[in-house]
Each structure stands twice: as structure tokens, then as C-alpha cells.
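Step one of this worksheet: look at the structure below.
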Amino acid sequence: MALGDLMESRLSRSQSSMAAVVSNHLDRYPNSHRSDLNPTIVVQDVVVNVRSDRDSSSDSVAGVQNRESYSNMDREDSETVASTTSYVAGNGNAVANGIPATVMEYLPQNLVLTELRHDAFEACTPSGPAESGLVSKWRPKDRMKTGCVALVLCLNISVDPPDVIKISPCARMECWIDPFSMAPQKALETIGKTLSFQYERWQPKAKYKIQLDPTVEEVKKLCTTCRKYAKSERVLFHYNGHGVPKPTANGEIWFFNKSYTQYIPLPISDLDLWLKTPSIYVFDCSAAGMIVNAFIELQDWTPSSSSGTSPRDCILLAACEAHETLPQSHEFPADVFTSCLTTPIKIALRWFCTRSLLHESLDYSLIDRIPGRQTDRKTLLGELNWIFTAVTDTIAWNVLPHDLFQRLFRQDLLVASLFRNFLLAERIMRSANCSPVSYPMLPPTHQHHMWDAWDMAAEICLSQLPSLLEDPNAEFQPSPFFTEQLTAFEVWLNHGSENKKPPEQLPIVLQVLLSQCHRFRALVLLGRFLDMGLWAVDLALSVGIFPYVLKLLQTTTPELRQILVFIWTKILALDKSCQVDLVKDGGHTYFIRFLDSVEAYPEQRAMAAFVLTVIVDGHRKGQEACIEASLISVCLNHLQGGNVPNDTQTEPLFLQWLCLCLGKLWEDFTEAQIIGLQSNSPTIFSLLLSEPQPEVRASAVFALGTLLDVGFDSSREAGDDEHDDDEKVGAEISIVKSLLNVVSDGSPLVRAELAVALARFAFGHNRNLKSIAAAYWKPQSNSVLSSFPFTVRNSVSGYNTPTQYSQIGLVARVGGDSQSAARDGRVSSSSPLAASSIMHGSPLSDDSSQHSDPGMLNDSITNGVVNHARPRQLDNGLYIQCVSAMCTLAKDPSPRISSLGRRVLSIIGIEQVVTRSAKATNTGSVRVGESSTPTSSLAGLARSSSWFDMNGGHLPLTFRTPPVSPPRPSYLTGMRRVCSLEFRPNYMDSGLADPLLGSHGVPGSSDRSFLPQSTIYNWSCSHFSKPLLTATDDTDEIAVKRDERERVVFEHITKCQRAPGTNLHNPIARWDTKFESGARTSLLQPFSPIVVAADEGECIRIWNYEEATLLNSFNNHEYPDKGISKLCLVNELDESLLLVASSDGNVRIWKDYISRGKQKLVTAFSSIHGHRHGVRTVSAVVDWQQQSGYMYASGEISSTMVWDLDKEQLLTSIPLASDCTISALAASQVHVNQYAAGFVDGSVRLYDIRTPDGLVCVTRPHTRRGERAGGIERVMGIGFQPGLDPTKIVSASQAGDIQFLDIRNRSDAYLTIDAHRGSLTALAIHRHAPLIASGSAKQLIKVFNLEGEQLGTIRYSPTFMAQKIGSVSCLAFHPYQIILAAGAADACVSIYADEISPPR
């Protein structure tokens, strides 16, 4: 089955299985946002997680016409368990596991925040396809060619050399010619021509020169002529010394004088001097090892050869060792070494026949008549040559070091052929006690087991030879060699891995690609191998697979398309440099046709889009070629859903790579940008900004951002204004407005791309944006931004800018010089800012700032790097919104996003000063709407604080340039001088580095250094670097661990439901957290004795209460503000994540938080947008619902914001239907979509996001009691009662009363407990046990059951002196055991359990 078919069958089967599993449960809620399930279907040993659709966020529940019907629906829910089989899909039968179906309701199956993008997003920047480093090894550094061949034969036929004693009969054949069968001179000439012909088979394009029985002078002339002709190419020098004495110990070879009366020696050093490098020598003579030894000594004495190049460019092949004599047996030819090198098949078969059972039935003469051609693999001779090449390549690749294999077998075709044949020479000649020698030296290969495979293949082929010769029409039966080797390769794929020995059949797979009958199977197996990881891709490329798969792109065979696209996806995921080869050979058209084919599956089209994206990534020729091939129209057509199956549009990976492909295609390429704008692409991409997958949204933002022309296109003529027309301006406005809609997106991946896009916009409109920023600080009353605070308040999503980001102060630099400032209308020449008397100590007085004004960028940079037309000014209101968005990003809870946001602000001339928290009494802060006093250190800055909302009431601000009026002496106190922060390449090269406010930099060199770089492309590329066809190795281990935890949970839940809880006051541990402000919130880990606590300063500490050891301590973020309001565990049944919700509405989620110093930020976002007018703090309340994957957040706002953490997206905003704000919030952990809220006025409301308006019912159980208690009816805690009943709620007010509510009876609470008198501070409801705990400021904790009976009171700490506990600040039950954690204002956290154990 093809890889594409495998993936499609897996997808279709999983979808059909999912439909069968969940249909019953969805019958009652056909329009629900999300079903109460997340089945896991096992398909072909691959675990596929399938989630039901949650996209219809605006739909209501069918059948819910009013609140009464809703009550009936939930009553039915509480009486029967709906579709319990949905909870156990993938985990086996519930009964078989010993877990009742009712208990499975408590066990959420879905996981969130476990995707690739969540793996240390903040810690590192992923790299896309590489261009150097690892990939440089597989490409031969210098492709070489042997341009000239010098053949020197010293045979002196009929005259034996004096140092040779020949046996009888003796080897006589030279080039398979008997020299004594004709006249000596004729024989010499014939042998020379034959040798030349034999070499030409391997290198037909080389220049061949022959010298027969030459003198030293003739050899010198030959060498110099060959070098002159070959130039920098390699020269082959072949020496046959069968008619002269052996080489001397000094490395001298022998030639003749002119009269052939004397032997004349020639030192190897002279030969090396004449031939120079690169060169290759073949010495076929006795004691040839003498020459090699002398050559090695020569290299040791002379590190560099005469040509000045490395001696590694010299290669030597010698027939035998220094002490050996060539074989004289008549079964061999006299030049057996030359025969092996030039006619390997002939001598290999002859040698094999003498050792095979065929020697009796096969005549040598038949071997010379083998039918076919060596280049035709369908013939017997061609098949033998093909198998021989595969065998020798395989031996070399498995035995030789990587670099040596590349040099000898992949750099030069002739050298590769000679070394393949050299392996045969070693095998044959070692059987005659003769050992060929080479330089560089090779390890022994004559006993490699692949020779057995060659012998078998040769025997099978030769067994057919007689019948083929007798009957020319007889059909040749191919050898099973390649089929068997592919089977061996498949066996390795089933059991091999990166840690095991590489598959030795890889070179054979390369050879099989040449055969049409084996090609498809070989490609499928190769695809499986490449899918094992980048190491496998590098291994395959080092073998030499690249030119073969490149050539296959010229085929039109339909069945090869899917697997070829997959293979190229894997190759380009490793090495981006292949883009050049693809464009050069026209390979891009292959993938465009595949992308536009109707029958391809979405995953395969996504791979084709990835390949095309790599082709156009930073490659102008690739961009131009793809534009000519209409790639833009093809991609946009698919994004709009034209002429393609419906499932294609819903495949997020395909949408993601279509966006990335177009973004890379028109990145800094004006011609492509114009085509994109004319094709209405901004509108198409804007629709993708609400897609459920963050990767798709981020890719769409990237594509929109790269549509913005920032003048980097070097192909445009300077001053070219033809495209700056109204149509382009309108398109740019549309793009920016679309981008501003994702400022509050829940995914850092999306916001990072937004920051990069806004940086491009800020660069292109730098002058206008800086004018807007500078005009706000003008002293004139008619400033264009006089109403700015009100404009900004409604500019982004209709919300105010929240006040929680008070740690960042923003500084506007008014200008680089007074003339340019006056010309731009930002600061008049008479403005106090222009007076030299106040410029001392400011950037304005620094000479280096005269030409560093960002507003002057278009005029000041004239070196040709940036020399584009001045952009047309857009609407001021749009600029204001952009600046507001930039400020929001600069205050982002994600450190990486805030760093990018600050870089964007620096482009438009706004510097930020980040300061740590300080006491409110020391700041003299200025609030929105409050006037500052003249004595304040921030005098006159009220307007700036209202714009950027940078002063939360306790943080000092520092301005690098006085913003409004001449500074008072108190303002300049302690201010250090800094240089202007206009475009500094030295700190802007890195995509993540913070600006160094005091550093110096010189603008210029690189245009790219001005802008932060996008990371979505690199993040997305990493998807294809990982295995796509098989499940991860740890899938089974995770499933086993999950099953074990579910069994533990079942045991604990059963125990909890039966336990009375009367002994919960038993202390088992006490932990002094050493928090300065006391413990604000805490939680208990479900499967380990660990408690997590946090304080007002957002310091988080993790403690093992059994071992009494501190495991980890870290700060939630660098500049804490109002404390942490909630701690939750995400994915608590698996590898849990720690959700930390700050009081300012920011949510940060951590992984590996238990290990000291190993915590990593998974994601971070602001959960609350827009607060009520006049409200100073947000006071966020947050809760998490694992079953649905929703997080509910509210506070000093008029709605509850429902976040889908799987999509990292705001699902909906539920109006509160109240003028008061929420003070307590609880989401049902059993029934999805439901949450209860308690308000500051004592009212309680139940919501369900499936109903049209969200509100189910309202009750005011605390109001009358609050009035008697002095108006302290504020709800302090709320939650659903244990069990499956969704209608029963427990609520506690500050007045001290605890109300038990049933929403089916809205008139009054059915049970009331007067727990505390006006001092209730905390409430905890056990998830499964019938227990409730309340804490008081009066240093006591009370425990009740659901009938209102008080089970116990806790007043004292578990210490020897039994001192009283502090004022209770937080309470938290263990989720599955009867254990209670209580945090107090004295910074102590105490642990109490129902079972008695010794205190710690």
C-alpha cells in the first residue's frame, strides 16, 4: 500500500469509528459545542486521538427553549448516565477494567496543550531545513572529473626483465591478448589500443594518450601535456611494468633509453612533480607497494605538493605489496590487476567458474559470448553488471568511513568505478597470495558476506547462459537478487532503529530505483526509512540517493506521485539547499501539478505545499519560477475551496501550508505581492484568522504580514511609485485591520507572528507612526490625539486596555534633530523640546542621534539597501490602533511576545524601561483620570499614563526623553545618558533578544537586521522532521500509565464516597512556606504527596509533605503585580501542567514544574479583555474544566470569557446579566459547558454556554443575611456538590453563611449553615466525598457534610506547642482522597487527613 493510501485509510477508519462511538451521546445535544467525550481509536497499531467538533460556538442546544426545559434536561442527566461507552473508547471495556461506568464520568479523556508548539516555546527558537552543517556531508564538496588518461606500457615483449624468473606454463595475457600470437610491435600497439578501449567504457569523455615502451623524456612530455590539457581536472596515470625490473626501495620505476639497451629509473617524486594534483596512479607491476611506501614518505617530508594543494588529491592503486610478486599462474592473465580494474565482469566470472559447480558444464569461451550490453539491465550482461555495482557499492558503504566513501565513490565517476573494481581485485588476487594496496588505504573487504550474494547471483545468471546462446529467442529470467535484498531491507525496517547498525542494503535500494519493475516497492521502503528521522535522511543522502529521486520527478507514472512527494518532503525537511536543484531541473512544476490534483489526499497536498514553500523560501529564482507556474492562483483556489473535496478544506495541516507557501512566495517580492493583492488574498486570509487551529491562524497572520511591502525588494527601481495607488493603500488598510483582530489571540504562536507583521508595517510607515506617537506629547491643546485615551479604549475589540501591565514604562523619543521634527510637524522649532538648554543629558543632545531618527529612515539610508518610495499616509485612526496594539504586545504575559512587542515599539521611536516592583508609597503614581501634583516625579505625564496605562499605582516610570514640557529638576535626578535606540543591527539580529537601552549600534549593513524574524515557518517544518507513518515509541507506555492511574482513582473515589470524614482534623504535615505575604492559594497533586502554594508576589513553591522537602520554587513572571488568584492542574490524569491565573487576568501554564529549575512555560495569554470604567484592578477569577477543555475567566468586566485551551482561542463571551462583578467562579468537573458564579452583591447565577444567552437561573441566597451582617454579602466561594447531579450548588458569603442550592427550586436555599460570623475567607468542596470545609479570618476551619452536620473544627497547627493557626487564606481538598490543605496569612500551609498518621 502506498504511503498516501496508508494515511488515508487510517484517517477514514478513525473518522468512521468515531462517528459510531459518539453518535448515541450526541443525539440529545446535536448542536453542542463539544460532547462529553474524547474517544481514542486504535488503528493499525497507531493510536489516533479524535475529538468531536467544537467549532459551532454560536449554536444553542437543540430542545432548550427555556430555562424550565433546561432544568428538565439536567434532571434527566442526573438520573441516568449518558453514553458511558464514549468515555472508555480506547481504554477497553469499563467493566473489564473493573471501573463502573458511573465513575468514568469523573475521568476526563481529552488532553490539551500537548502539541509540538507547546514544547518549550519560550525557551528556544526551532530551526527549519538546514543549509549547512549536518547536510554538508552528503554533498560532495567538489565534484571532480578525470579529464585526461595517460597509459604507459613498458612490456618489451619477448625480453624478460633480469629480476623475474617465470614459471611454465606462465600467465601471458595482456588485456586479454596473447602478445606472442603476433609480431611484438603489433602486439604492443594492439594491447595499448585495447587498454584504452577498456578504460573508455568507464570514462568515454576523457582524453586518452598512450606511450608504448617510452623513455623518461617521453614520459615527462606526456605528463606535462596531460596536466596542461586537464587543467584543474584529475589525471589518471596507468603504469604497466611487466617488461621492466621491479620498483626500487627508493620508489623509482623503470623506463628505457632510446636504443632499448638500458633501463632508466624515474623517481616517484619527479612523476608527482610533473603530473601535479589532482591525480590518480595505477601501478600494475611486481613490488608495487614500494611505490606507495615511497609516495607516503614523500608526503611526510613535503606536507604540500608542488601545486600547493593537499596531498589528499593524490590516489594510488598498486597491484601488490612491496615484497610480493604478481601471480604467474596460467589461470590468471598476466595483467590480472588491470583486468580487474577495467574488465571486472569477465574476470570475476572466469574466477568464479573455476570454483563453482558450473566449471564442468561451462566453457570459458561462453563467458566471452554473454549476450547483451552492460548498460542494458534487461539483458544478462547488463544484469550482472548491475548486481556487481550494487554489491561493491554496498561493501564499500558498509566498510569505509563516511568521508572516505564520499571521496572515493561519489566524487569522480572514473575513480568510483576503479575502486569498485579494486574491491574485486583484492578478492581475486588474495586467492593467489597477493594483496593489492591503495592510498588512501582501505580496510580488508575480500571476505565480506555480500560476495556470497554476488556468487549466488552470478551462478543463477550463468546457469541460463547455454540456453540463451542456443536459442536467441529464449527469455532471460532476472535474478532474484534485488527482490531478496529489498526483503532484507524491509525486515530491517520492521526491527531497526537509530541506535542499531544502519541497514547495509541502502546502496542496493539506490540501484533498484533504476529498475522500473522494482521501483515502486523500493520507493515505499525508502519512504519508510526516511520517516525514521533526520538521521535516516542524512544516511540516504550520503549513499547518493539525491540524483536518483531528482531524476524521477521527470516521470509521469501516477502511482509514484504520492511516495515521491513524501520522499521529497523528508529530504527538504533536512536540507533546504535542494531547492536550487529542484528549480534548475523544473521539479517545482511536478509538485504544483500534484497540489492541484483532485485525487490527492489533504495530508499529501500539505506535503506538496511544504516542498513548494521550501523551494520559494529566500530563493528568488524559485519564487519567479513558481509565479510563472501560477502557484498563487492554485493556492488561493484551494483556500477558497474551489474544485476540491470537502475534507480538503477541513484539514488544518493543508490550510497551514497553503498560507505558509504563499507567505514565503511573496515575502519581500513586490511582483508576487501585487499579484496576491489583485487576487483578493487579504480577504481570503482574514477568514482564516478564526480557524480553530493556532498553526493555521499563525500561518494566515504570517501570509498577511509578508504582503506588506517594506521596501526590501532589490528588484524594484529606486523611486518607483507606480504601485503606490489607491488600490494598494486600500489593500494595506484591509490587511492591518485584519491583523488587529488577533491582538488578543490565546496562542503565543499567533501573537508572535502578529508582532513580526506589525514590525513590517511599522518599518514601512515609520515616519507616520512616529508622528502619531510624538504628537501625543505635544503641549498644544489641539493635538491630533487630544482624545486618544477614548479612541484607544474602543479601538481593539471594543475593550479598554487593562491596567495590569504596570511594570512597563514607555518612552517616546521626539526626534533626532529639530529640523526634521519641525518638517514632520511633530515638534515645532520653537518648542521647548528643541531648546538646547534642556537637551543636556538627553538623546537629543547626542551628536550620534542626528542621523538616527526612525522617521528619517527613508531619507537617511541611501546606500541602496533601503531606497524605496515613501509610503502613502494612511488614516490616523488606523495608526493609533496600531500603536495601541504594539503597546498591548509589549505588555504580553509571554516573555517572548513582550520582547518582540518592545522591539516593534523601538522601531517607531518608543523606548520602554522595565522596572521591578516597588512600594506604592514611593512612586507618586498617576492613575487614569487623576491629575498629578507638581511635586510628583511624574509631573505632567497623566496623559501618557492614560494612553499606555503603564502605571498601576506602585511602579515608577522613567522617560529617556522629556515627553511634554521642560523637565523639573526632580525628574532629571538619577537619569543616565543614553544614546538613541534607532535601528541597531547588533541587538536586532536575534529574534528574541531584548533591546539594550544603553548600547551603541551603527545602522547600515543588513536590511534584515532591522526586523524581527518570523518563527511559524520553522516551527511548522519540524512537523515533517518527525515520524509521520508510525506512532511514537512511548504510546504504549503512556496508555499503561493512564490505565493504572484510572484504577487508582477508582479505588480512591469509592473510598471517598463511603468515608464519613469525621477525622479530617488530624494533622499530618505543616509547611512554613516563608512567603512574605502569606499563602494566597494552594492545590494538592492527585498522585503524589505534593502541595503547590503561591503568594501575593506570584512566587510558586512546591513541597513534598511526606518527606518535608522543598522540591522547587520559582516566580510566575519577572514583574509580579497583584498576586495569584487560582492554581489548577491541566491533564491531571496524565503528565499534568500547572495553570497559574494571576489576579490581573494573565494566565500562564507551566510544565515540569516539580523539578527544581526545570520548569518551562507552555503558553501564556491574557484571559480578560476590557474592564469597567473607573475600575483600578481586574481581580480576575478563573476556573478550569478538563472534560471540555474550557477555561472560564471573569472579574471586573461585564461578561465571562470562555477560552478553549485546545484551540487556544476565545470560544465565547457570556454576558453576566448583572451590574455587579463576579467574586467566585466554579466550573462543573462532570457536566461540561456548565459553570456557577457568585457575585459581590451576594447573588448566585448558573450558566450553560449552550443556551442562547448563557444564563440558566439567578438566585440571591446571601442578600438578607448580608444585610444583617453589615453588607458583607460578597460570595467568597462557590462550587458544585459532589456527585453527578448538576443542579446542586454550594455557595458561601463573606458574612459567614453557607447556602445549599438546588436550581430546580429557585425560591430559596434548601439548607443553610451559619459557619462563621462575618469572617468567612475560604471555601473548599470535595470533588467526590460529601465534605465541605470553610475557613475564617478568626483562625479556624470548620468541616461539614452535605446534610449540614459539622464534622470537626481545626484551630491549632500540627506542632509540638499546638499554636493556633493563622487567618485562613485558602483551602484545597485533594481531588481523590480525604486530605485538606489550608494556607494561612502567617505563610504556613497545613495538611490534614482523615486517617491518622504521624505529623511532619
Side-chain angles (χ1 to χ4, degrees), residues 102-103 106-107 1045-1071 1079 1081-1093 1103-1108 1129 1132-1133 1229-1230 1277 1279-1283 1290 1292 1298 1300 1311 1313 1315-1316 1322-1336 1339-1360 1362 1364-1365 1368-1384 1388-1400:
T102 52
V103 176
Y106 297 115
L107 305 182
R1045 287 189 170 184
E1046 286 182 353
R1047 279 190 285 270
V1048 171
V1049 168
F1050 164 61
E1051 294 172 0
H1052 287 318
I1053 289 178
T1054 304
K1055 190 174 182 179
C1056 283
Q1057 292 172 342
R1058 298 172 181 171
T1062 54
N1063 296 322
L1064 186 57
H1065 56 275
N1066 293 318
I1068 61 172
R1070 182 177 184 271
W1071 173 32
T1081 182
S1082 62
L1083 67 78
L1084 289 164
Q1085 283 274 6
F1087 301 107
S1088 53
I1090 291 175
V1091 60
V1092 183
W1103 192 60
N1104 185 312
Y1105 54 81
E1106 281 190 358
E1107 300 177 359
L1129 286 182
E1132 68 176 24
L1133 292 182
Q1229 296 304 318
V1230 177
F1280 290 85
Q1281 292 188 24
V1290 179
I1298 302 176
F1300 291 74
L1311 178 63
I1313 301 175
H1316 309 277
L1323 176 72
I1325 305 169
H1326 200 285
R1327 195 183 298 179
H1328 304 289
L1331 297 176
I1332 297 171
S1334 62
S1336 169
Q1339 300 174 282
L1340 65 94
I1341 300 170
K1342 294 182 179 181
V1343 181
F1344 304 91
N1345 61 20
L1346 296 183
E1347 285 72 37
E1349 179 184 354
Q1350 183 171 338
L1351 302 179
T1353 303
I1354 300 173
R1355 297 177 181 274
Y1356 302 100
S1357 298
T1359 59
F1360 177 74
K1364 290 195 68 174
I1365 62 174
V1368 179
S1369 57
C1370 60
L1371 293 172
F1373 274 113
H1374 191 284
Y1376 306 115
Q1377 299 181 45
I1378 302 182
I1379 300 177
L1380 177 67
C1388 289
V1389 174
S1390 301
I1391 311 295
Y1392 303 91
D1394 190 37
E1395 297 179 354
I1396 299 177
S1397 59
R1400 292 182 179 272

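Remember, it's a predicted structure, so these values are computed and weren't measured experimentally.
A side-chain contact (heavy atoms from CB on, under 4.5 Å) with T1054 is found for exactly one of R1058, E1051, H1052, namely R1058. Applying side-chain contact (heavy atoms from CB on, under 4.5 Å) to I1332 and the options L1346, N1345, L1351, L1371 leaves one that passes, L1346.
Residues satisfying the side chain to side chain contact (heavy atoms under 4.5 Å, CB included) test with Q1350, not counting sequence neighbours, are K1342, F1344, T1353. With sequence neighbours excluded, the residues that form a side-chain hydrogen bond (donor to acceptor under 3.5 Å, both in side chains) with S1334 are H1316. Residues forming a ring pair (Phe, Tyr, Trp, His ring centres under 6.0 Å) with H1326 (at least two apart in sequence, or on another chain): F1373.
Rounded to the nearest 0.5 Å, atoms CG (D1394) and NE2 (H1065) are 9.0 Å apart. The distance from the CD1 atom of I1341 to the CG atom of L1380 is 6.0 Å, given to the nearest 0.5 Å. With rounding to the nearest 0.5 Å, the separation of CZ in R1070 from CD1 in I1365 is 10.5 Å. Between the CD1 atom in I1391 and the CG atom in N1066 there is a gap of 13.5 Å [rounded to 0.5 Å].
Between the side chain of H1374 and the backbone N or O of P1086 there is at least one donor-acceptor pair closer than 3.5 Å. Between the side chain of S1369 and the backbone N or O of A1079 there is at least one donor-acceptor pair closer than 3.5 Å.
Inter-residue side-chain proximity for I1325 and Q1281 is flagged as unmet; no heavy-atom pair is nearer than 4.5 Å. Using a 4.5 Å heavy-atom threshold, the side chains of I1298 and L1323 count as touching. For the pair Y1105/L1084, a side-chain contact is recorded, criterion being any heavy-atom separation below 4.5 Å from C-beta on. Between Y1376 and R1327, the closest side-chain pair of non-hydrogen atoms falls below 4.5 Å. Between V1368 and S1336 the shortest side-chain heavy-atom distance does not fall below 4.5 Å.
The two atoms that bring G1383 and V1389 nearest to each other are CA-CG2, 4.2 Å, heavy atoms only. Across every non-hydrogen atom of P1330 and P1282, the tightest pair is CA-CG, 4.3 Å.
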